[in-house]
Structure formats: C-alpha cells, structure tokens
> 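Below: one structure in structure tokens.
A quick note: this is a predicted structure, and the numbers were derived from the prediction, not measured. To find a chain, count down the sequence lines: A is the first, B the second, and so on, and within it residues start at 1.
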Amino acid sequence: MEALQRDIATTARFEDAFDVDLAALDRADFAPDDQTTLDGPGGDPPLVAGVDQAFLDERVVSAIVVLRGAEVVERTHAVSPLTFPYVPGLLSFREGGPILDAFETLDADPDVALFDGSGRIHFRQAGLATHMGLALDVPALGVAKRLLCGTPVADTDRLDAGDSVAIESDDRMDAPPGTVVGHAVQTRQFDSYRINPVYVSPGHRVSAATARDVVLACRGGYKLPEPTRVADAYADEVKADYS
DNA sequence: GCGACAG
DNA sequence: ATCTTGTCGC
C-alpha cells in the first residue's frame with residue numbers, strides 16, 4: 001500500500017491545473033442565509049463539493065454536499081461496509097472506497113472537492129485528498145483538524161482570522177526537505193479564547209497556495225469551511241436515520 | 001526501545 | 001471518528 005501511495009504521489013499534480021474562478025469564489029458569500037451574491041456579475045461561483053463521513057458499527061456514511069456559494073446544489077450519500085482499520089497514513093484505504101461509492105451517486109461534477117483529512121501533508125505525499133483527487137480526476141484538497149506530519153514555519157498560536165502559516169516537510173516525509181506541503185489556515189478567531197487552525201494541503205491539481213485561498217474563500221463563519229461543515233452535518237443527519 | 005500518529 | 005450534559009463566555 002505504501003508503494004501505491006508513492007506512485008500516487010508522483011502521478012498527482014500539486015500545482016494549479018483547473019479552471020476554478022477564484023475571483024468568483026471570493027465574491028461568493030457562504031453565509032447560509034445569504035443568497036444575494038449568487039447572480040453577481042462576472043459569472044456564478046464555482047461548484048465546490050464538501051465530503052465527510054460518519055461512522056456506524058461496521059458501516060460508514062459518506063456524504064457529499066455540492067455548493068455554489070451558500071446554495072446547496074446537491075446532496076448525496078452512500079452507506080458502505082468498513083473493511084480496513086484506521087491506521088495513520090493509510091486512511092484512504094479505510095475511507096476511500098466508501099467515498100467513491102458516494103461519488104458514483106453524484107450527478108454534479110464539482111470544480112473542486114474538499115476532503116476531510118490531509119492531501120500532500122502525508123508521509124508519502126498521498127493523503128486521502130490526493131488519493132481521491134487522482135481516482136476521480138477532480139481538483140482536490142484536504143482539510144484536516146489536526147496535523148499529521150510536517151512542521152509549521154512559524155508559531156500557529158495567536159493567528160488572526162485569514163492568516164496562514166506554511167507547513168514544510170519534515171524528516172519523516174518523502175518530500176524534499178523544506179517543501180511547502182500545505183498551510184495552517186486560521187479560518188476563524190476570537191479575541192478571548194483561541195481557536196485552532198485547520199491544516200490545508202493540495203490533493204490533486206491544486207497548489208498549496210490555491211488550496212489555502214479556496215478554504216479562506218469558503219469560510220462561512222465557522223471553523224470549518226462551509227462545504228465541509230454542511231457535509232459533516234449531512235453525514236450526521238443520515239447516520240441518525242440509520243441508528 | 002523511543003517517538004509520533006488525518007479520521 | 002465516537003462515547004456525552006452541562007456550562008462558561010462571546
């Protein structure tokens with residue numbers, strides 16, 4: 001499996017190779033109750049898919065929500081059996097198949113997809129977002145709540161909303177020393193208590209800088225970017241129906 | 001043996 | 001990820 005991941009890493013493209021209109025994405029308002037920017041000048045915001053999962057006993061709910069700004073264009077999910085344990089570094093072998101099951105039921109073809117986990121921030125530069133992006137050949141990036149590996153180039157405490165700190169490869173990773181494999185992104189912040197940043201990295205056909213910009217543009221007032229947040233909520237909703 | 005570890 | 005009530009504070 002590790003060999004496959006190294007192969008995936010060499011095939012994946014950690015550079016911009018897509019046509020997402022970032023300017024239009026910037027104009028999009030992801031506030032759930034705002035629809036006013038959907039028909040703004042310069043074209044509609046791109047289709048952004050959020051992917052997240054919720055677990056049952058021996059099964060997993062894989063949810064996909066596609067947004068155009070704050071508008072939910074499509075929601076779909078799949079319930080699949082779990083056949084592999086959680087092993088740090090091998091997450092795609094546990095969650096990848098189930099995620100692809102869900103994508104098979106998706107009609108829309110998103111301009112970019114956000115996965116819950118790492119992309120290039122991975123020992124072999126082939127995290128879940130990289131694996132999925134390549135398998136689906138869709139621009140993809142990973143959004144993780146915790147750092148799997150790599151080293152922030154500066155303190156990530158006390159960052160203001162909108163700030164980001166590059167994450168460089170460390171000696172446990174395949175990437176050449178000093179390679180910027182992602183960013184710690186502060187999507188939200190308060191004056192009093194500290195909110196941790198999310199760790200964003202390229203999956204496929206997206207550069208580290210663009211991955212960061214996409215996540216910042218998708219902020220909807222919560223820690224998680226809106227596509228991820230609504231997919232998370234949808235996964236829990238579906239799980240409740242199966243429990 | 002020690003350390004480190006997405007979801 | 002998941003098990004879980006209340007609770008302190010913008």
> Which residue, A:A54 or A:Y193, contacts DNA chain C at a nucleotide closer to its 5' end, judged by nearest heavy atom?
A:A54

> Calculate the interatomic distance between A:D57 atom CG and C:dA1 atom C1'; express it in whole Å.
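Rounding to the nearest Å, CG of A:D57 and C1' of C:dA1 are 13 Å apart.
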
> Taking CZ from A:R124 and P from B:dA6, how many angstroms apart are they, rounded to a whole number?
13 Å

> Of all the nucleotides listed (B:dA4, B:dA6, C:dT2), which has the minimum atom distance to the side chain of A:L148?
B:dA6

> Is A:Y86 near enough to B:dA6 that one of its side-chain N or O atoms lies under 4.0 angstrom from OP1 or OP2?
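Result: yes.
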
> Using a heavy-atom cut-off of 4.0 Å across all strands, would you classify A:G142 as base, sugar-phosphate, or nothing?
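Nothing: the residue A:G142, judged by heavy atoms under 4.0 Å, touches no strand.
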
> Any chance the side chains of A:Q53 and A:S62 put a donor and an acceptor closer than 3.5 Å?
yes

> Heavy atoms only, 4.0 Å cut-off, all strands: where does A:L90 land among base, sugar-phosphate and nothing?
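Result for A:L90 = base.
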
> Starting from P on C:dT2, measure out to CD on A:E58 and report it in whole angstrom.
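Spelled out: CD on A:E58 to P on C:dT2 is 15 Å.
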
> Rounded to the nearest Å, what distance is computed from the CG atom of residue A:L114 to the C1' atom of nucleotide B:dA6?
15 Å

> Are side-chain heavy atoms of A:V198 and A:L224 found at a separation under 4.5 Å?
yes

> Mapping A:F190 and A:Q53 to their closest nucleotides on DNA chain C, which lands nearer the 5' end?
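Counting from the 5' end, the first nearest nucleotide belongs to A:Q53.
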
> Between A:P197 and A:T156, what is the shortest heavy-atom contact and its length?
CD-O, 4.2 Å

> When you check the phosphate oxygens OP1 and OP2 of C:dA1, does a side-chain N or O of A:K145 lie under 4.0 Å from one of them?
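Checking C:dA1 against A:K145, a side-chain N or O does come within under 4.0 Å of OP1 or OP2.
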
> What is the distance from CZ of A:R188 to P of C:dG9, rounded to the nearest Å?
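So the two atoms are 17 Å apart, to the nearest Å.
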
> Aromatic rings A:H77 and A:Y242: how do their planes relate, parallel, tilted or perpendicular, breaks at 30° and 60°?
perpendicular

> Taking atom C1' of B:dG7 as reference, at what distance in whole Å does atom CZ of A:R146 sit?
10 Å

> Separation of A:D52 atom CG from B:dA6 atom C1', in whole Å?
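Nearest whole value for this atom pair: 12 Å.
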
> Rounded to whole angstrom units, what separation is found between the CG atom of A:D116 and the P atom of C:dA1?
8 Å

> In this structure, would A:M132 and A:L134 fall into the same cluster of hydrophobic residues linked by side-chain contacts under 4.5 Å?
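As far as the 4.5 Å side-chain criterion goes, A:L134 and A:M132 are not connected within one cluster.
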
